[in-house]
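To start, the structure itself, in structure tokens.
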2 protein chains.
Amino acid sequence: MTPALKDLYVQKDKMYVATDCIIFGFDAGKLKLLVFKRRVEPFLGTWSLIGSFVRMEEDVSEAAKRVLTEITGLDNVFMEQLKAYGMADRDPGYRCVSIAQFALIRIDDYDKELTEEHGAHWFELNELPELVLDHGQMVEDAMARLKRKARYQPIGFELLPEKFTIPQLQSLYEAIYQKKLDDRNFRKKLMTLGLLIKLNEKDKTTSRRGAFLYKFDYDNYQKLVKSGYNFEIA
Amino acid sequence: MTPALKDLYVQKDKMYVATDCIIFGFDAGKLKLLVFKRRVEPFLGTWSLIGSFVRMEEDVSEAAKRVLTEITGLDNVFMEQLKAYGMADRDPGYRCVSIAQFALIRIDDYDKELTEEHGAHWFELNELPELVLDHGQMVEDAMARLKRKARYQPIGFELLPEKFTIPQLQSLYEAIYQKKLDDRNFRKKLMTLGLLIKLNEKDKTTSRRGAFLYKFDYDNYQKLVKSGYNFEIA
DNA sequence: GTCATAAGTGTATTTTATACAGTTTGCTGT
DNA sequence: ACAGCAAACTGTATAAAATACACTTATGAC
């Protein structure tokens, strides 16, 4: 069943469980969200998160991954449960509890044709259109979670390409925290964490001088987590 | 339907939504959890969190509050959604997504007869018995959330009586963080936050000298939150 | 070869966290 | 009545972390 068709099959007296995906991306210094234009009634033409009913035989988290793959062609994406939305009247059509999950994707990885087929558009977070049902609330909650989580877990890296520069990383954190950071202090802090591997390549797309590329040091991160290390990024 | 009977009515091919409550209390310097002995099959005699199906016409959060009131007689309790547990095979009897919610209650407020009728027992957190299904995981997750949340939101106060002493508060935080805190630094930190109202009464139950009682300053807390103040307790 | 632009570097100051020990209070027991 | 006890309470010095701040370097464009 495609997500857009789900409403055709519902029964009013049944309890449904769905999942909705809050998909973040980062592009050109801006945090963006992937939203979808509904092509069926009810709410035809309104903007919405992408979602699906959870099938009897699949985990809730599997359902979300399935949706994400259907839409973006991506696999192995960072995804985490946000929370369940369970107001009895949250959807006027039928009784449905939705488990919202947020995903962080590398914006140049996804399958653009596939998303366009599904009526998807990237919006900057401060230019979001009104979203259907409680999806606006979900996005707000996800944004709050992202802000908080970014402080103690290096999830920012999930939004960047594998190789990235320090100024890129900084501009991402500036987008998440919605404030300017001091470049000297940012760089200093990051270097002391020991989470970056400096490469012998430069990215010259944004300056003549070029900025060194780095990789995230997953191995060392795992080690540090195990030893109970406490992060704080920016 | 009482929670203990819910399994009698299930259909194998239906999707169910339930809620389970992780109920924390604080007594005699120890953090405790309220768990229940099942009196029906399946899992007769095993320890379990208390829960219920979510009814068609009620919000998920209402369902949790209903359960809590049925069990403890309490109303207006601090309660917050933990997360949804949605593994397809989490309950072998039927397909059920459970939305776990954790509650903090003042342990001398609740209705002891009522809880005993329901087969409830308080366990210290490090003396918990094995719990049924994924309830052990829920408790673990709730504990992690409580630890983290206590750092930036003054939720500890929900676990203490309205009037409390600084040493009581400290011992609560020591129980949450599972480590000793320096009494001088703890007191200093708290006083600078401006969240306490000193009363003209003393609690003499734990020392001859007596310790001054304090109230939590909800009004000032609200103000500080609005002005974007950032807490860190202990 | 000079101009423009982003990348990169170091230090001083303030703030916050931590470590640490002695005094006060008021009941108890003799 | 007074010595003993136990918990409540207080202050200061040190270390660590966060913040504020300005110039130099590299390189392509002209």
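All values below were derived from every heavy atom in this structure, side-chain atoms included, with hydrogens, water molecules and symmetry-related copies excluded. By convention in this document, chain letters (A, B, ...) are assigned in the order of the sequence lines, proteins followed by strands, and residues within each chain are numbered from 1. Keep in mind that what you see is a predicted model, and the values were worked out from it rather than measured.
For residues 138-148 of chain B, every residue pair satisfying the side-chain hydrogen bond (donor to acceptor under 3.5 Å, both in side chains) rule, not counting sequence neighbours, is listed here: B:Glu80-B:Arg145, B:Tyr85-B:Asp141, B:Gln137-B:Asp141, B:Lys147-B:Gln178.
Here the side chain of A:Arg208 is nearest to one of D:dT25, D:dA29, D:dA8, namely D:dA29. Of the candidates D:dA8, D:dC9, C:dG10, D:dA8 carries the atom nearest the B:Thr206 side chain, counting heavy atoms from C-beta on. Each of C:dC20, D:dA22, C:dC27 was ranked by its minimum atom distance to the side chain of B:Lys204; first place goes to C:dC27.
Here the C1' atom of nucleotide C:dT9 and the CD1 atom of A:Ile166 are 13 Å apart, to the nearest Å.
The side chain of B:Arg187 places an N or O atom within less than 4.0 Å of a non-bridging phosphate oxygen (OP1 or OP2) of D:dC9.
A:Val60 is listed as a side-chain neighbour of A:Gln101, based on a closest heavy-atom distance under 4.5 Å.
A donor-acceptor contact shorter than 3.5 Å links the side chain of B:Gln168 to the backbone of B:Thr165.
To the nearest 0.5 Å, the span separating CD1 on A:Ile23 from CZ on A:Phe36 amounts to 5.0 Å.
Of the two residues contacting DNA chain D, namely B:Thr165 and A:Arg209, the nearest-nucleotide position lying further toward the 5' end is that of B:Thr165. Of the two residues contacting DNA chain C, namely B:Asp183 and A:Tyr214, the nearest-nucleotide position lying further toward the 5' end is that of A:Tyr214.
Salt-bridge annotation for B:Lys179 and B:Glu174: absent, with no side-chain N of the basic residue lying under 4.0 Å from a carboxylate O of the acidic one. The pair B:Arg66-B:Glu70 counts as a salt bridge, with a side-chain nitrogen and a carboxylate oxygen less than 4.0 angstrom apart.
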Name the pairs: protein N/O against N/O of nucleotides 13-19 of chain D, kept only if under 3.5 Å.
| from | atom 1 | to | atom 2 | distance (Å) |
| --- | --- | --- | --- | --- |
| D:dT19 | O4 | A:Lys188 | NZ | 3.1 |

